Undergrad: 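Could you have a look at this structure, given as structure tokens, before my questions?
Residue numbers count from 1 along this sequence. Just follow the structure's listing: the first ligand is 1, and inside any ligand the first atom is 1. Just so it is clear, the model here is predicted, and its values are computed rather than measured.
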Amino acid sequence: MRIQRVSSKWAKTEVILQNRSLAPYIPDTRKYDYSVLNEMLVLYETVYIKPDRGTYGCGVMRAERRNLILTPSGAENPEAHEEENAEPSIMYILRYGTKALAFQSMEELHQAISGRIKKRPYLIQQGINLLRYKNLSFDLRVLVQKNPEGRWETTGLLGRVAAPQKIVTNYHNGGSLLPVEELLAEHMITADRSSMIHRLKHLGVRIGRQLVKAFPDMKEIGLDVAMDDHHDLWILEVNTMPSLVAFKLFDDKSIYRKISRYAASYGRAGFGSSSLSSRSKTHTRGR
Ligand SMILES: Nc1ncnc2c1ncn2[C@@H]1O[C@H](COP(=O)(O)OP(=O)(O)O)[C@@H](O)[C@H]1O
Ligand SMILES: [Mg+2]
């Protein structure tokens, strides 16, 4: 059985945008070029610049526009607008890895970005101000699979917390995995947490249904979902070869067991159906 994978973030974004009720979940996303950088940095204070076919947070950059008030001595001073000689000035910060570089013009910023992009296709996306957990940014992974009945089902949810100084939350970039309930507990009461988890699961299923319209052999997807200060949800990207082993981490072993069983049913490599059927029998007997 074929499992369809689509590596281009742009191709997947276009398909989601065709659905009017799902489009609001996609941050403004465009193909990178200098004029788009200009336009986006006027609209948004922060933008993310990322490879169209990237993974693991590799090659992801963040550009920020900052309004500084400079005193005549040149020192940054937020109170300086009180002073007569203070001049407003704009600065651009480019961040990647744990580096931060400052530029005085958009041209210089673009030069630095282009030097890193080289000739590869890159996207630029409205930056979402991620919620924080113990002062570190986090986002969420929603795993959605075709179940043996052929219907999309959300089988896993995970929180991903960025390492200090990092602009990405990816595990392969030093991030850590935590249960979603724990991350949301800092931000909402139990009832709101449950309805948020329900919304996340439902969003995953809706995205699965939309993507198969264009990619009929898709069987599994992993949504990277950001939550902002207003608790609005944003889909940063959809992975078509999502990590399944990440879900082994839970104390509740039935989660990974179900994920593996579904993966075996649509034939994901490494998830043989013979060894699993005996394991799922054990599961039915306990509890
Ligand atoms: N628009 C954005 N706003 C805020 N954070 C973002 C944005 N885009 C990406 N990120 C951060 O960078 C990480 C990697 O970006 P992503 O689009 O998922 O690429 P990759 O395929 O490399 O995982 C995300 O998980 C998130 O932490
Ligand atoms: Mg990702």
Undergrad: Can you tell me if Arg62 contacts ligand 1 (heavy atom of the residue under 4.0 Å from the ligand)?
TA: no

Undergrad: If we ignore hydrogens and angles and just use 3.5 Å, is the side chain of Asn170 paired with the main-chain N or O of His172 as donor and acceptor?
TA: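 Not a single qualifying donor-acceptor pair exists.
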
Undergrad: Ala226 near ligand 1, heavy-atom distance under 4.0 Å?
TA: no

Undergrad: Any ion pair linking Glu237 and Lys50 (charged N to carboxylate O, less than 4.0 Å)?
TA: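 No salt bridge links Lys50 with Glu237.
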
Undergrad: Write out the residue and atom name of the closest protein heavy atom to atom 24 (C) of ligand 1, then the distance separating them to 0.1 Å.
TA: Asp139 OD2, 3.5 Å

Undergrad: Tyr92 and Arg65: side-chain donor and acceptor closer than 3.5 Å?
TA: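 No, no side-chain donor-acceptor pair sits under 3.5 Å.
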
Undergrad: What's the shortest distance from atom 22 (O) of ligand 1 to any protein heavy atom, and which residue and atom give it?
TA: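 Among all protein heavy atoms, the one nearest atom 22 (O) of ligand 1 is Gly57 N, 2.6 Å.
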
Undergrad: Considering only protein heavy atoms, which is closest to atom 14 (C) of ligand 1, and at what distance to one decimal place?
TA: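 The protein heavy atom lying closest is Asn170 OD1, 3.3 Å.
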
Undergrad: Under a 4.0 Å N-O cut-off, is there an ion pair linking Arg151 with Glu153?
TA: no

Undergrad: Does ligand 1 have an atom under 4.0 Å from some heavy atom of Gly127?
TA: yes

Undergrad: Give the atom numbers and elements of ligand 1 that come within less than 4.0 Å of a heavy atom of Val168.
TA: 12 (O), 13 (C), 27 (O)

Undergrad: Note the single closest protein heavy atom to atom 20 (P) of ligand 1, along with its residue, its atom name and the distance in Å.
TA: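 Going by distance alone, atom 20 (P) of ligand 1 is nearest to Glu237 OE2, 3.3 Å.
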
Undergrad: Is any side-chain heavy atom of Gln4 closer than 4.5 Å to a side-chain heavy atom of Thr240?
TA: no

Undergrad: Can you name the atoms of ligand 1, numbered from 1 with element, that are less than 4.0 Å from a heavy atom of Asp224?
TA: 18 (O)

Undergrad: Is there a donor in the side chain of Tyr133 and an acceptor in the side chain of Glu182, or the other way round, less than 3.5 Å apart?
TA: yes

Undergrad: Would you indicate whether the side-chain heavy atoms of Tyr256 and Val245 approach each other to under 4.5 Å?
TA: yes

Undergrad: So if I count the atoms of ligand 1 from 1 in the order they appear, which ones are less than 4.0 Å from some heavy atom of Gly54?
TA: 21 (O)

Undergrad: Between Ile207 and Val144, is any pair of side-chain heavy atoms under 4.5 Å apart?
TA: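 Ile207 does not reach Val144 side chain to side chain.
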
Undergrad: Using modelled atom types only, decide if a donor and an acceptor are shared between the side chain of Lys12 and the backbone of Val238 within a distance under 3.5 Å.
TA: yes

Undergrad: Would you find a donor on one side and an acceptor on the other, under 3.5 Å apart, between the side chain of Lys166 and the backbone of Asn173?
TA: yes

Undergrad: If you consider just the N/O/S atoms, which atom of Glu237 is the closest one to the Mg ion (ligand 2)?
TA: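 Considering only N, O and S atoms, Glu237 comes nearest to the Mg ion (ligand 2) through OE2.
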
Undergrad: Do Leu123 and Trp234 share a hydrophobic cluster, counting only Ile, Leu, Val, Met, Phe, Trp and Tyr and linking them when any side-chain heavy atoms are less than 4.5 Å apart?
TA: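 No, Leu123 and Trp234 fall in different hydrophobic clusters.
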
Undergrad: Quick check on contacts: which atoms of ligand 1 are under 4.0 angstrom from a heavy atom of Lys50?
TA: 8 (N), 9 (C), 17 (O)

Undergrad: What atom name does the N, O or S atom of Asp224 nearest to the Mg ion (ligand 2) carry?
TA: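 Atom name of the closest N, O or S in Asp224: OD2.
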
Undergrad: Would you mind telling me if ligand 1 is within reach of the side chain of Tyr56, the backbone, both or neither, using heavy atoms under 4.0 Å?
TA: backbone

Undergrad: Specify the protein heavy atom at minimum distance from atom 7 (C) of ligand 1: its residue, its atom name, and the distance to 0.1 Å.
TA: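 Sorting protein heavy atoms by distance from atom 7 (C) of ligand 1 puts Tyr48 CG, 3.5 Å first.
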
Undergrad: Counting from 1, what ligand 1 atoms have a heavy atom of Arg160 closer than 4.0 Å?
TA: 25 (O)

Undergrad: What protein heavy atom sits nearest atom 21 (O) of ligand 1, and how far off is it?
TA: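 Checked against all protein heavy atoms, atom 21 (O) of ligand 1 sits closest to Lys9 NZ, 2.6 Å.
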
Undergrad: So does Asp139 pair up with Arg160, basic N to acidic O under 4.0 Å?
TA: yes

Undergrad: Could you list the atoms of ligand 1 found under 4.0 angstrom from a heavy atom of Gln126?
TA: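 The list of qualifying atoms is 1 (N), 2 (C).
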
Undergrad: For ligand 1, is any non-hydrogen atom under 4.0 Å from Ile128's backbone (N, CA, C, O), its side chain (CB onward), both, or neither?
TA: both

Undergrad: Between Tyr48 and Ile167 (side chain of the first, backbone of the second, donor and acceptor by atom type, cut-off under 3.5 Å), is there such a pair?
TA: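 Yes, because the side chain of Tyr48 sits within donor-acceptor range (under 3.5 Å) of the backbone of Ile167.
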
Undergrad: Can you tell me if Ile167 has a non-hydrogen atom under 4.0 Å from ligand 1?
TA: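 Distance cut 4.0 Å: Ile167 passes for ligand 1.
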
Undergrad: Under 4.0 Å from any heavy atom of Gln125, which atoms of ligand 1 are there?
TA: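 Those of ligand 1 that fall under 4.0 Å from Gln125 are 1 (N), 2 (C), 7 (C), 8 (N).
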
